[in-house]
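Okay, structure first, notes after.
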There are 2 protein chains.
Amino acid sequence: MNDSNAERDYLESYRPGDYPSVALTADLVVFAVNGGVLHAALVRRGSHPFRGRLALPGGFVGPRESAEAAAGRELSEETGLDLGTLPVHLEQLATYSDPGRDPRMRVVSVAHLVLLATDGATLPAVSAGTDAAGADWYPVHDMLAGGAGGSLAFDHSQILAEGLQRLAGKMEYTTVAARLLPEEFTLTQLRTVYEAVWNAPLAAGNFTRKMTPHLEDTGRKARASTGGAPAALFTATDRYVHPPLSRPRQE
Amino acid sequence: MNDSNAERDYLESYRPGDYPSVALTADLVVFAVNGGVLHAALVRRGSHPFRGRLALPGGFVGPRESAEAAAGRELSEETGLDLGTLPVHLEQLATYSDPGRDPRMRVVSVAHLVLLATDGATLPAVSAGTDAAGADWYPVHDMLAGGAGGSLAFDHSQILAEGLQRLAGKMEYTTVAARLLPEEFTLTQLRTVYEAVWNAPLAAGNFTRKMTPHLEDTGRKARASTGGAPAALFTATDRYVHPPLSRPRQE
DNA sequence: TAAATAGTGTCTGTAAGACAGTATAAA
DNA sequence: TTTATACTGTCTTACAGACACTATTTA
């Protein structure tokens, strides 16, 4: 491969107009658990289309950043979340490219799943970014059941549903649920996360038996504030849980 | 929402130059099984960059089609595969958007997983499309082990590896493996697919016991061409296999 | 002491892995 | 008849689900 003429030429082989181009956005499905309920961060749209409707936070992918980098940047810009102090799990979900999904123009969106660590009792504060009239937390299962707030703008209801599905599925065979908790957590906290995401109760005793081998015991104890024995504090170690936990069959 | 002035205005609220744009391609990880070995369809690049190297088939997403539609179109254009006669499974894999992944310009690629049905003894014919010097089938596990052909162009080795990972994982809890076989197949054929993808032998008796409840018996029998009892012909019914099959732990 | 939570033990049913044994058809 | 493949049965081990029970702390 020593044809340096061709090497020089190929850099000019593409010119604008030779190929179709699209606007690329990174949309965010941001999850956090509070009071045993899974919540998603949503913004209320301040402009058309879908003015006044709830939508996923997101924004354009810059010319010199990857979609993942844009997702991280948008997370702080659009929701005001401080990434420096907060451990954050971020992974790509899927890409939505239906030609008519945005009535203004061709917009392709790379959706991302974001998990925020909380202690289960308070949600991180979110604030609206540009173009948004407000930002807040909404219960996910209620939203998807057609309850509070109704359907989201664009195809964001579908994206939210697929984000939940991805998280619920991944929790069967990984310890990713721990990313919704502080570095150290109790088994009850972890079980609460599972119940919040799966929207189903789990037997505490069996959960302990199945989960313990995949966690690391710090030796420390949580102070028992509600009465009862103090729970051991764990950290997540393994990436994969084998055999997988089985989610209760939902009818 | 009855402010029709704003309704009229928003269609012009975006102009070229207001937002970054990217070229969008659909790349294909095309799998088929032959002789108990998982193969991928690859093209040899006819032009720079990576001239002469193997790459995934793919091409630009048109201005009026979704990435999935483009993937289906490229499948026939770039590999010459006739989609009319062939049952094809196509699903989105992931999107690759690293700014430097194509040295010519900003190209974001939506990768797709394609499963072609074969009888296990012959691979569908593939032919090169535009810009390709040739197209052929290559054994996947050998390629990824660094064997035949070396690494692929661009980040295509990574995409191929993640495509394999997706397929192998999905085969644990769905009957998607049947999409690599004709409409009707024997349990031995299906087991061969599992062994080809997982690159590990499976006990025939136990495989039958675990898989049969998720398949439908047609009542017909395959003719025994190699000696031995004629195997029953099944069709795939269930989408989910519960509890999941456990893949042999690989060391 | 009463109440609440954490964690363990036990029992039963089911399924996995290993593998022997039987049935069916081609050479 | 030999051989090769398809399929079933059996045995052991292991884990899931259900749930009782003990231990540990706060009020």
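Only a predicted model underlies this, so the values are computations on that prediction, with no experimental measurement involved.
Computed from coordinates, the His242(A) NE2 to dA16(D) P distance equals 11 Å when rounded to whole Å. Atom CG of Leu202(B) and atom C1' of dA16(C) are 13 Å apart (whole Å). In this structure, Phe234(A) places its CZ atom 12 Å from P of dA6(C), rounding to the nearest Å. Here dT8(C) presents its C1' atom at 11 Å from CG of Asn206(A), a figure rounded to the nearest Å. Residue Leu187(B) contributes atom CG, which lies 16 Å from atom C1' of dA23(C) at whole-angstrom precision. Distance, Arg247(A) CZ to dA16(D) C1': 17 Å, rounded to whole Å. For the pair Phe207(B) CZ and dA15(C) C1', the computed distance is 16 Å after rounding to whole Å. If you take CD of Gln189(A) and P of dT5(C), they are 14 Å apart, rounded to a whole angstrom.
Side-chain contact check for Thr208(A) and Arg191(A): no donor-acceptor pair (N or O, by modelled atom type) lies under 3.5 Å.
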Run the ring pair (Phe, Tyr, Trp, His ring centres under 6.0 Å) check on Tyr240(A) and His242(A) step by step: do they pass? CA-CA 6 Å; Tyr240(A) 288 94; His242(A) 190 85; 9.3 Å; no

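Looking at heavy-atom distances under 4.0 Å, Thr186(B) makes no contact with the nucleic acid at all. Across all strands, Ala232(B) comes closer than 4.0 Å only to sugar-phosphate atoms, never to a base (heavy-atom distances). Contacts of Ala203(B) with the nucleic acid, taken as non-hydrogen atoms under 4.0 Å apart, are absent. Residue contacts for Arg223(A): at a heavy-atom cut-off of 4.0 Å it reaches no nucleic acid atom on any strand shown.
With hydrogens and angles disregarded, no donor-acceptor distance shorter than 3.5 Å links the side chain of His214(B) to the backbone of Val241(B).
Phosphate proximity of dA6(C) to Thr188(A): present, with a side-chain N or O under 4.0 Å from OP1 or OP2. Look at Lys221(A) and you won't find any side-chain N or O under 4.0 angstrom from OP1 or OP2 of dA6(C). Contact annotation: Thr212(A) side-chain N/O to dT8(C) OP1/OP2 distance is not under 4.0 Å.
Among the nucleotides dT8(C), dA6(C), dC7(D), the one closest to any side-chain atom of Arg191(A) is dA6(C).
In terms of the salt bridge (charged side-chain N to carboxylate O under 4.0 Å, His left out) criterion, Glu68(A) has no residue partners (sequence neighbours excluded).
Within the 4.5 Å cutoff, the side chain of Glu162(A) has no heavy atoms near those of the Val29(A) side chain.
Where Gly228(A) and Gly205(A) each meet DNA chain C at their nearest nucleotide, the meeting point lying more 5' is that of Gly228(A). Both Ala231(A) and Arg209(A) sit near DNA chain C, but only Ala231(A) has its closest nucleotide nearer the 5' end. Mapping Ala204(B) and Ala229(A) onto DNA chain D by nearest heavy atom places Ala204(B) closer to the 5' end of the strand. Residues Lys210(A) and Pro230(A) both approach DNA chain D. Their nearest nucleotides, taken by heavy-atom distance, put Lys210(A) toward the 5′ side.
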